[in-house]
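In what follows, a structure is listed as structure tokens, so that the remarks can point back to it.
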There are 2 protein chains.
Amino acid sequence: MTARPAGRPAPTLESVAALAGVSRATAGRVLAGSTTVGEQSREAVLRAATELSYVTNRAARSLMTRRSDSVAFVVGESEERFLADPHFALLLRGAHAALAGQDVQLVFSILAGDAERQRFEHFARGGHLDGVILVSLHGDDPLPRRLLDAAVPVVLSGRPYRPVDGLAYVDADNAGGARSAVELLLDRGRKRIATITGPLDMPAALDRRDGFHAGLDASGMRPHGTADGDFSVAGGRRAMEELIAADPGIDAVFAANDLMAFGAMQVLAEHGRRVPDDVALVGFDDSPLAASVHPALTTVRQPVVAMGAAMAARLMTVFGEGPGDPVPLIMPTELVLRGTA
Amino acid sequence: MTARPAGRPAPTLESVAALAGVSRATAGRVLAGSTTVGEQSREAVLRAATELSYVTNRAARSLMTRRSDSVAFVVGESEERFLADPHFALLLRGAHAALAGQDVQLVFSILAGDAERQRFEHFARGGHLDGVILVSLHGDDPLPRRLLDAAVPVVLSGRPYRPVDGLAYVDADNAGGARSAVELLLDRGRKRIATITGPLDMPAALDRRDGFHAGLDASGMRPHGTADGDFSVAGGRRAMEELIAADPGIDAVFAANDLMAFGAMQVLAEHGRRVPDDVALVGFDDSPLAASVHPALTTVRQPVVAMGAAMAARLMTVFGEGPGDPVPLIMPTELVLRGTA
DNA sequence: GTGAAAGCGCTAACAA
DNA sequence: TTGTTAGCGCTTTCAC
């Protein structure tokens, strides 16, 4: 189907040129923003284009330029968990915002299962994408390497599990953020501090855990418990139960993301522990719900929307660059003081 | 850039044909799945295509077929709220799943602000989209009508605020679901039942409110309070505060979505009301968090992923159809009994 | 069953 | 500054 009432064919550059009384080439120049065009022609073309409400045919353009003018936003996760996390939507929003106005399409894809992974890789290698934003990869996923080998520009959300030559990425200062959370807890006079980690096949979880330990070490203290979660509310609940069972005396918890912190809050309440009086709590993300729970969650904010935008922007500039290792972009975090610590 | 190591040009149909020793036309026929091709040629072509890892150039194909092989998923909402709601991600996932394997791209867009709306409409009218999935529109948005007028197939998520001729949509049985929630509360012996509504410029909120009233009417009862929320946790909190202030004696609440129910749960706890003993609570959505809060939320499940898939499927079939009013698809809801009622 | 040839609408190289 | 020309890679008649 053509998106147009039957009978009226889509206006082409040809028809715009005809109406403006110039050649197709000149019309093309004007629409492409070339400056080497006479004032008269320019105006005539612009008027004609508006008149016909002309829209460039991207297929024809792509064929010539060998660019697709589209960027993929790819979620490398078969599980539901990541999509349920607002983090994902905010990254997407940021990427979209950065691309809006650039005349670049955002193609969305989820890699659920091997079949889809293969289809996607095939598609990407076919030159149908000017770049790929890769999000929520686990472990040592070979996809970035493979795309790079096929000369497809890639930007990763978060550092790769293992360093990959030539791979660009945008990350938050996870270790620094975690450390600042611990320091806050220490400032508040807490002595028995535990942590709930994220899934340890993800670099973000690893870095937050390391930052947590670094913060304690710096004060000559030791963790009073570590329980592994999975970045979900339910995982946070389980981990908190573990922590309490192992050491009923803990007086502070750093959860590696907000969802797990919410789970921990529930469990603490169920065990009759008051937050923050008995147990102080700090999360990570500053997700949209953090301000709405009660008491409101003290957390480490990472600029997720800005990170999404940065990834898209990175991709746009990478297009022009030659070989050489791209510089990772590490965005600062910020402690948001609210009611739980 | 071409997504391919410099020097090695992307294989074309031409090169596949050459390697297979047939004409480009025959190669094309095989790859398009035509049956009028000899067994020998077919095998030769398939082998050659695999050998070269050939990928059809979509731009060239689009140019010929006048189809874009892409569908847009469009969020008509400038506000953050909708994106933070897991509902959105699940719809997206469903739509993506239905399109996977169909060789159709999912183009993602958010209509934040007038500039973006215009750009999008222009783009869509340009015939760059085979169809549009429209999500989270407010009030009497003219966009569906305008797209339809431009002969762009549209499927709406949820019924339109006002009926629009020829507009396809997929909705949940909001009124029925709300009604079943009320009936549960009545079954539990509750007498003083209030509701927290969604934003009343959205049909889903309206229909749930109406279903709530219908359920009460059927038993000859009247609502003990109505407070308007906005589908957010914070809005649910505010509404619950209102409800308690207006009538401290209420013994049940139906919240028009889960996020507001979460807010209500917090406020009830803060006021020393036990859930469900003192006040029973039913939400709507069965969002991923509903099972994780404590007590776990009793709620009305709507099949969101299936709805997203249905919208995409609808779009694919609409392509072929002629004029005539499409039949709306109303998906059933289901009461999920958990701890709050 | 297969091939030759004609474009789809655009951009880019070259002339003028 | 402008126009002419030559394709980009594909699908699709139309012959054979």
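Within every chain, numbering begins at 1; the chains are lettered A, B, ... in the order of the sequence lines, protein sequences first and strands thereafter. Keep in mind the model is a prediction, meaning the values are calculated, not measured.
First and last contacting nucleotides of DNA chain C toward chain B (any atom under 4.0 angstrom from a heavy atom, 5' to 3' order): C/dG1 to C/dG9. Along DNA chain D, read 5' to 3', the first and last nucleotides having any atom under 4.0 Å from a heavy atom of chain A are D/dT1 to D/dG9.
Shortest non-hydrogen contact noted between A/H128 and B/T56 is NE2-O, 2.8 Å.
Shown are A/L111, A/V107, A/V154; of these, the side chain to side chain contact (heavy atoms under 4.5 Å, CB included) with A/V74 is made only by A/L111.
B/A312 is linked by a side-chain contact (heavy atoms from CB on, under 4.5 Å) to B/A95, B/A98, B/L99, B/I133, counting only residues two or more places apart in sequence or in another chain. For A/L19, the side-chain contact (heavy atoms from CB on, under 4.5 Å) partners are A/A48, A/E51, A/L52, not counting sequence neighbours. When the side chain to side chain donor-acceptor pair (under 3.5 Å) test is applied to B/T26, the partners found at least two apart in sequence or on another chain are B/S23. Every residue was checked against the salt bridge (Lys or Arg N to Asp or Glu O under 4.0 Å) condition with A/R29, not counting sequence neighbours, and none meets it. In terms of the side-chain contact (heavy atoms from CB on, under 4.5 Å) criterion, residue partners of A/D141 (sequence neighbours excluded) are, by chain and number, A/R117, A/L137, A/L143, A/P144. B/D69 pairs by the side-chain contact (heavy atoms from CB on, under 4.5 Å) definition with B/R58, B/R61, B/R67, B/D130, not counting sequence neighbours.
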* Asked: For B/Y169 and B/I330, what are the C-alpha separation, side-chain angles and deciding distance, and is it a side chain to side chain contact (heavy atoms under 4.5 Å, CB included)?
  -> CA-CA 8 Å; B/Y169 64 88; B/I330 310 295; 4.1 Å; yes

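Backbone-only engagement by A/T12 is indicated by non-hydrogen atom pairs under 4.0 Å involving sugar-phosphate atoms exclusively. B/R58 comes within contact range of no nucleotide atom at all, as no heavy-atom separation falls under 4.0 Å. Note on B/S62: nothing from the nucleic acid sits closer than 4.0 angstrom, heavy atoms only.
For the side-chain hydrogen bond (donor to acceptor under 3.5 Å, both in side chains) condition, the pairs that include at least one residue of residues 35-50 of chain B, sequence neighbours left out, are B/S34-B/T36. Applying the side-chain hydrogen bond (donor to acceptor under 3.5 Å, both in side chains) test to pairs two or more places apart or on separate chains, those with a residue in residues 106-116 of chain A are A/S109-B/H96.
Side-chain contact check for A/L329 versus A/M331: some heavy-atom pair is nearer than 4.5 Å.
Aromatic ring orientation, A/F108 versus A/F73: parallel (interplanar angle below 30°, classes split at 30° and 60°).
Looking at residues 15-26 of chain A, you'll see A/R24, A/A25 sit with a heavy atom under 4.0 Å from some atom of DNA chain C.
Each end of the helix from C/dG1-D/dC16 to C/dA16-D/dT1 gets its own axis from five base pairs, and the two axes differ in direction by 30°, given to 10 degrees.
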